[in-house]
Every structure is written in structure tokens, then in C-alpha cells.
Amino acid sequence: VSLPGNEQKTIYLISSTGNLIWKNKLSEPIKSKIYTVDIFRNGKLQLLFNTKNHIHLIDRNGNYVQGYPLKTPNSITSNITLLDYDNNKDYRIFIACSDKKIYNFSLYGIKTEGFVPFKTTDIVELPISYVKIGLSDYLITADISGKIYAFSRKGLGRIDFKNKTIQDLNHLLVLEGTNIENTKLIYVDDKNNLLS
């Protein structure tokens, strides 16, 4: 629930009949959407979201899952991207921070082993998109200057894009093709009334 003023720093769980189940005060307002995940794979869901400096995972009783809230290396500039590469609930959390790096955590709040934080030229505010083309994985985003990045599950660069998007892009859609040549990045250029 989003409320004005100091109430923006409180998260409420309300039943389907409108009864307050619990409420928790947070140190800062919620920035991202709130995901429901099942970290323990027992059918009991938790709430995952980020604020400016933390990733939060709260259980159905309003308590933090052990290890949370997770303080990020620097302030968060993008909202959480939650990925499940193989649809087996082995989630990965991607966030971009003010140090111009993209980080990858497991749902347990541990930096993903083997992933090198991906360095960008400028601040990234967009979420990370994911496509699998053939046997290769591509994680794709753009920074606020319009530079496009594609990197692997390990954080290694995949494509050195020569073209750019508009600056301060607020949405990027990846249209997966059967190969890299017919996979498209689509965005709206509001300044020129174009779909690029």
C-alpha cells in the first residue's frame, strides 16, 4: 500500500477481506514493485522488494527472512530484476548501483558465485532484461546516456553495441528471435514520436 508522507515507509499486509494482518516500518520508501517468492519452496510466500539502499525479503508473518534486509554495496539506481533462468525457482536478483556496477545475488542474499559485477559507463536505471538465444544467455540493459549493454550469466560482455538509445530511457523491450540477427531491442523515442 502506498501512502503519503511518513506512511510511505510502512508496509502493510491486508487480507482479502480488508483486515490488517501486520504492518512494518521501513527505514526508507519502497522503490520497486513487490515480488512474491517462495525461498523455502514450501508454498509459503515472501515479499521481495528494494528501497534506495537495501533489498528486503519479508515472510508472511511480517518478519525478515534471515540475512535481510540486505545492505547493497552502494545506493540502488535500478529496481530489482528477479530472474528464474530455468523456471526451477532458483532465482537471481539483479540490481544496478550508483558505483556504475550491476550486481547479482541469489534469493538467499549472497552474491552469485562466478558472477563478476558488470561495469557500466554511466548510471543504469532500467531493469535488466533476459533472453536465451540458442545456447547463449543475454542480459540486456541501457544506461542513462543511452549506451546499450549485453552480458552473460557470469557478468562478461557479450556484444559491443555501436548504436545507442535515447538518453534517460524509461523502458526497453527485448523481442527474442531465433538467432541474434533477428532479436530486436525496442523502445519509444518520445522526443521524435518514434518506435525504435
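For the numbers below, each heavy atom of this structure counts, side chains included, while hydrogens, waters and symmetry mates do not.
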Separation between [atom1] of [X] and [atom2] of [Y], rounded to the nearest 0.5 Å:
X	Y	atom1	atom2	value
Tyr138	Glu176	OH	CD	11.0 Å
Tyr68	Leu47	OH	CG	12.5 Å
Thr36	Arg60	OG1	CZ	13.5 Å
Asp137	Ser152	CG	OG	8.0 Å
Phe115	Asn104	CZ	CG	5.0 Å
Thr72	Lys52	OG1	NZ	10.5 Å

Next on the checklist: So for atom NZ, which belongs to Lys132, do other residues, nucleotides or ligands contribute more than 12 heavy atoms lying within a distance under 6.0 Å?
Outcome noted: yes
Checklist entry - Is there a donor-acceptor contact under 3.5 Å from the side chain of Ser78 to the main chain of Glu125? => result no
Checklist entry - Quick check: does any side chain N or O of Thr81 sit under 3.5 Å from a backbone N or O of Ile128, one acting as donor and the other as acceptor? => result yes
Checklist entry - Is Arg92 close to Thr112 at the side-chain level, that is, under 4.5 Å between some pair of heavy atoms? => result yes
Checklist entry - Among side-chain atoms of Thr178 and Asn182, is any donor-acceptor pair under 3.5 angstrom? => result yes
Next on the checklist: Is there a path of hydrophobic side-chain contacts, each under 4.5 Å between heavy atoms of I/L/V/M/F/W/Y residues, joining Ile123 to Ile102?
Outcome noted: no
Checklist entry - Same cluster for Ile30 and Leu82 if Ile/Leu/Val/Met/Phe/Trp/Tyr side chains link at under 4.5 Å? => result yes
Between [X] and [Y], does the ring centre distance come in under 6.0 Å?
X	Y	value
Phe118	Tyr149	yes
Tyr130	Tyr85	yes
His171	Tyr187	no

Checklist entry - Taking 4.0 angstrom as the limit, do Asp86 and Arg153 come out as a salt bridge? => result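 Salt bridge present between Asp86 and Arg153.
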Checklist entry - Should the pair Arg158-Asp160 be classified as a salt bridge under the 4.0 Å nitrogen-to-oxygen rule? => result no
Item to check | Working for side-chain contact (heavy atoms from CB on, under 4.5 Å), residues Leu195 and Ile186 | outcome: CA-CA 7 Å; Leu195 186 63; Ile186 301 170; 3.6 Å; yes
Item to check | Qualifying residue, where the test is side-chain contact (heavy atoms from CB on, under 4.5 Å) with Val37 and the options are Asp84, Ile93, Leu57, Leu45 | outcome: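 Answer after filtering Asp84, Ile93, Leu57, Leu45: Leu57.
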